[in-house]
Amino acid sequence: SALHFVRWGWGAWVFGAAGALVALGLWDVFFGFEENRCRMSYMFEDPEYQKIKLPKKLSRRFPAYELYLYGEGSYARRNKKLQLAGVPVLFLPGNAGSYKQVRSLGSVALRKAEDIDFKYHFNFFSVNFNEELVALYGGSLRSQTRFVHECIKVILRLYKGQDFAPRSVAIVGHSMGGLVARALLTLDHFEPELLNLLITQAAPHAAPVVPLDRYLTDFYVAVNSHWARRGRDVQNLTALSVAGGFRDYQVRSGLTFLPTSARHGGALSVVSSAVPRTWASTDHLSIVWCKQLILATVRAFFDLVDADTRQITADPRKRLSVLNHHFVRHPAKPFQDEPDVVAELPGACARPGGRPAPRGAAGGGERGGGPRSRRNRTLAPSQAVRLKLRDYPALSHLVLHVPALDGKKFTVDCEFFREDQRTSQLPVTHLFSLGLSWRTIVPNSTGLLHRVELLDFGQIYQAFRINVVSSCPPAPGESLLSEPPLRRTEISPFRAPSSTDLSAKLHVARPENGSGPAVLEMYTSADCRYRVTIKTSFPQVLGQVIRFHGESLPAYIIASILLGYGGQLSSLLSTGRCGHLGAALQRTARPYKVEPVVHGLNFLLGFGWFREAWEATLLPEPDVIPASAGGLRVPLVSPVLFLFGTALAYWGHALGAASLRLLASARPALWSARPRGPGPAGAACGVLVLVPVGWTACGAVALVLAGLLYALRVSATENGGSGPEPPAEAEAEDSLRMHVTALHFLAWIVLLSAPSLIYWFRNLRYSIQLDPDPCKPLALILVPTVGILMNSSAASVRSSKFLKMAARVPPVLSVATVAFGAAHLYRVPYLASVPLVLHALCSVV
């Protein structure tokens, strides 16, 4: 009817708009970042990876893993006999990572050692984890941890009998390799003294990026709870976590922050864009070769060496001081154990420029970062030092010492000012202004420094575009956006007169008792005037929502499909006809059917009596996104995710139905015989074959094959006849709609099970059976269910006495999916399989 067409059209428009918003948010996450400002690190000679022979017992226990020693040229030739005398460093690759990623650190450290005539040098080892997908499949994380423990013992035995034999191994872990390194402390027989320095690169310490199986989440719980509970084990460990910033769309920076406690003060977390003399955001892979960051790491390594033991210093305070020097503070001079008075003036703040400082800048010599050649002594475009004179009432002179600059000229500008007179306040625009309104401020004075405090800027959903316009004669300048309490800094160079756009958003929410607002600091020209304009960036707001909660979207998609499927069964029960899933989604997929129940349950769990009763049921706690989780304090976030999930369910169903019809139309061209799929006997045989496959090999394989068999069966039915009677045609149409919905469920189950399938396939040469297998129980349930669904029809479901119960269960499962699957996606396939089992039950009873 015309009314049905209008309703269908409006629904398509709404879901289309929601899908466009999802695409806009994804575009900001994947392509909305700044250009890559990392310089490529490189080797001077061909890299060589010498395989370390492991004990036979260890090789049989871990057949897929290997240990290598990195080298180049004459250094690699000297180490052929493994007579080592350096400082051992072990590199652990991450998810699908290669052991060859150690080459940037190893090469730069080697050239630095040559630069000081091998007074100190480092031996870089690397573990080959066979590029396992441990970020998606957690079944091998414990094996990797045990192998690393054995590698540490093997490495230390290589130095046995040396004059300066090490007693511990420093570890650099990329991505999940950093988590594996932290997990060493959870092993029963691991001695904490074997590890005293840990540097992680883009490692998700707080939580898994996508929790697709319970082995992964259990591993995280074990590691983080151990670090919180057993503070004595980590007291001697100094840990540094470096995040990649907004360019890293695989691991957001908020997940990389190390857990801290009063018992462990040796943990430091930074973002690469805030690291002095780096000032660049890195993607998930470039963080292992970003030259600026590699130089900072190597400088820190050499400053960590104790002159007496020629190994990493055993003093935790010095280790933390060195890391703070290179990754947080860096006053443009080398690290000193006993710094001179001038270098440690309280209140002084050095702002390095975009390039390395010159040798001897600020009273010291440049010592780290590869060979000391002219290309490493490029003069920084500008240096700024701020000194609070009230802290030195007896100070009468300020002396600037500048060493030889190879004939280059420089200019020194100096001014005295009151800080409060150079500070302005600019309230940020509201989230719902959508970029249609803005606020502008013009600093009321000229000078070399302006500070603009951005008021009410502290939540991760906030994202702004800041425009700085200067009007002055041409002169160099720079703009620095910093958020001091969290040490999250972004730097953007510009030249005046100009108009420069800056992006302002947070990696994590600011705490309630933060030390101050976010600040825009502008190092400017004295004869210029500046105008600062800020407005909300709606695409970046969507990007923040996707960045922080995109992993929960599959749960909301399944919840929407469950509501639509329940609507289909209700229509079949009341009218005798099964409606289209798209129309059912428009009619039934409403957030108010799910969100109040979930939030109400979360509210009741705040009462002790209800929590005790809930724990007695052995049910897990809800995964609902609380009002303060990750700083998201907008109550509309969860409904927005529900809208996005419904839109993706709608268009995913449309795409699946179109693909199924395309497959049905292509079957006559692919097979010359009649386009008939497997009949009831063939389906039964397929089930009999796939059940033992899921039990003895991999459950995900059985699920994929069952899904393909089901799709072929339905496509054959779709193309199996021509010109049926109207009643038969209506019946066939109803059956097809139910099959398409069932296939939609099955497609998402297969998608969420795909990581274990990929892991099994890549390790097939070592074992035919995946152990542990997170999909085995699911396969044993679903494979026989699919065998029944292949031969089901709308008529058999309509006549079932269980239809009324089957129609009432999906809305309840929708609530359960959002409540228990938003942060634990491995529960979603089990919840999605329940309606399929009930559907199969209705087909036979």
Side-chain angles (χ1 to χ4, degrees), residues 34-50 68-79 86-87 89-94 96-118 120-128 131 170 172-175 177 199 201-202 242 244-245 247-248 272-273 275-303 326-327 352-359 366-380:
E34 63 182 12
E35 64 179 3
N36 187 5
R37 293 208 296 252
C38 281
R39 297 193 296 273
M40 177 67 75
S41 57
Y42 52 89
M43 285 67 68
F44 289 84
E45 298 175 280
D46 292 336
E48 297 184 29
Y49 305 90
Q50 182 179 350
Y68 287 87
L69 172 65
Y70 178 84
E72 296 178 19
S74 59
Y75 167 78
R77 291 190 293 272
R78 287 197 306 269
N79 292 332
V87 181
V89 179
L90 179 61
F91 176 80
L92 304 182
S98 170
Y99 66 95
K100 296 182 179 180
Q101 291 172 331
V102 71
R103 59 181 177 266
S104 294
L105 274 171
S107 181
V108 174
L110 175 60
R111 301 310 159 189
K112 171 63 179 175
E114 290 178 347
D115 189 37
I116 60 173
D117 297 325
F118 282 92
Y120 313 122
H121 72 278
F122 291 81
N123 305 127
F124 278 86
F125 299 85
S126 183
V127 173
N128 178 17
E131 301 184 4
V172 177
H174 173 240
S175 187
I199 298 178
Q201 302 168 326
V242 183
R247 282 189 58 84
D248 189 350
S272 63
S273 55
V275 175
R277 307 176 74 176
T278 298
W279 305 116
S281 177
T282 67
D283 57 58
H284 195 63
L285 184 58
S286 67
I287 197 171
V288 302
W289 56 255
C290 180
K291 184 178 180 180
Q292 299 97 305
L293 196 58
I294 294 298
L295 290 177
T297 306
V298 171
R299 293 185 191 111
F301 269 131
F302 277 86
D303 283 340
H326 289 283
F327 289 90
R355 299 180 182 178
R359 264 177 64 88
E366 170 67 27
R367 200 179 74 171
R372 283 184 287 183
S373 59
R374 292 182 180 274
R375 64 173 177 274
N376 285 332
R377 285 183 261 161
T378 306
L379 181 64

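- Heavy atoms only, all atoms of each residue included: V275 and A296 are closest at CG1-CB, 4.4 Å.
- Residues passing the side-chain contact (heavy atoms from CB on, under 4.5 Å) test with S126, sequence neighbours excluded: F91, Y99, V102.
- Residues passing the side-chain contact (heavy atoms from CB on, under 4.5 Å) test with A300 are V322, L323, H326, F327, sequence neighbours excluded.
- One finds the CG atom of N79 at 7.0 Å from the CD atom of Q50 (value rounded to the nearest 0.5 Å).
- A donor-acceptor distance shorter than 3.5 angstrom exists from the side chain of S281 to the backbone of G244, with no hydrogens or angles considered.
- Nearest heavy atoms, R247 versus N36: NH1-N, 3.4 Å.
- By the side-chain contact (heavy atoms from CB on, under 4.5 Å) test, R77 pairs with S74, sequence neighbours left out.
- The shortest non-hydrogen separation linking C38 to Q292 is CA-OE1, 3.6 Å.
- The shortest heavy-atom contact between I294 and V288 is CD1-O, 3.4 Å.
- Here L105 contributes atom CG and W289 contributes atom CH2; the two are 13.5 Å apart, rounded to the nearest 0.5 Å.
- Scanning for side chain to side chain donor-acceptor pair (under 3.5 Å) contacts around D248 gives H284, with sequence neighbours left out.
- Take H121 and apply the side chain to side chain donor-acceptor pair (under 3.5 Å) test, not counting sequence neighbours, and it matches no residue.
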Worked verdict on Q101 versus Q201 for side-chain contact (heavy atoms from CB on, under 4.5 Å): CA-CA 12 Å; Q101 291 172 331; Q201 302 168 326; over 6 Å; no
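- The distance from the OH atom of Y75 to the CG atom of L69 is 5.5 Å, given to the nearest 0.5 Å.
- With rounding to the nearest 0.5 Å, the separation of CD in E48 from OH in Y68 is 13.5 Å.
- Residues S98 and E131 come closest through the heavy atom pair CB-OE2, 4.0 Å.
- Looking at R103 and F124, their side chains never come closer than 4.5 Å, going by heavy atoms from C-beta outward.
- Remark: side-chain polar atoms of T278 are not paired, donor with acceptor, to backbone N or O of S272 under 3.5 angstrom.
- With sequence neighbours left out, E72 forms a side-chain contact (heavy atoms from CB on, under 4.5 Å) with M43, E45, Y70, S107, L110, R111.
- To the nearest 0.5 Å, atoms CD (E114) and CD1 (I116) are separated by 10.5 Å.
- Here I199 contributes atom CD1 and F301 contributes atom CZ; the two are 4.0 Å apart, rounded to the nearest 0.5 Å.
- Side-chain atoms of R37 come within 3.5 Å of backbone atoms of W279 as a donor-acceptor pair (strictly under, hydrogens ignored).
- Heavy atoms only, all atoms of each residue included: T282 and S286 are closest at CB-OG, 3.4 Å.
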